[in-house]
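Some notes on the structure that comes next.
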Amino acid sequence: SPQRPWRIWIFDTSKQLISQLMAHFINLTISIALTYNDASSDECLWYLMTNILDNTLGVVVCVGLLRGVEWWL
């Protein structure tokens, strides 16, 4: 079976790692901002909610954009 060269595999893996780190820090920032003035609010709950929203709604938006671009092209 054809196998990708190591260089291509490292590029693909590093792209996924960087995007997940960015999503993590964005979700952390949002959860901290949402609980900044509210001591009774839970940062972990907001992080979970933003992560779930990112992974569900974000995928739907990406699929929609991809289909739109494919239709346009």
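Every pair tested for ring-ring contact (aromatic ring centres under 6.0 Å, His included) that includes a residue from residues 48-73 fails, sequence neighbours excluded, so the list is empty.
Shown here are the side chain to side chain donor-acceptor pair (under 3.5 Å) partners of Asp38, two or more places apart in sequence or in another chain: Ser40. Annotation: side chain to side chain contact (heavy atoms under 4.5 Å, CB included) contacts of Leu21 (sequence neighbours excluded): Leu17, Phe25. Applying the side chain to side chain donor-acceptor pair (under 3.5 Å) test to Thr13 and every residue at least two apart in sequence or in another chain returns nothing. For Trp6, the ring-ring contact (aromatic ring centres under 6.0 Å, His included) partners are Trp9, not counting sequence neighbours. For Arg4, the salt bridge (charged side-chain N to carboxylate O under 4.0 Å, His left out) test picks out Asp12, with sequence neighbours left out.
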Quick one: side chains of residues 50-65, donor-acceptor pairs under 3.5 Å with protein atoms, not counting sequence neighbours, listed by atom name and distance.
from: Thr50; atom 1: OG1; to: Trp46; atom 2: O; distance (Å): 3.1
from: Thr50; atom 1: OG1; to: Tyr47; atom 2: O; distance (Å): 2.9
from: Asn51; atom 1: OD1; to: Asn55; atom 2: ND2; distance (Å): 3.1
from: Asn55; atom 1: ND2; to: Asn51; atom 2: O; distance (Å): 3.1
from: Thr56; atom 1: OG1; to: Ile52; atom 2: O; distance (Å): 2.7

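Of the inter-residue distances, the one linking Leu45 atom CG with Leu34 atom CG reads 10.5 Å to the nearest 0.5 angstrom.
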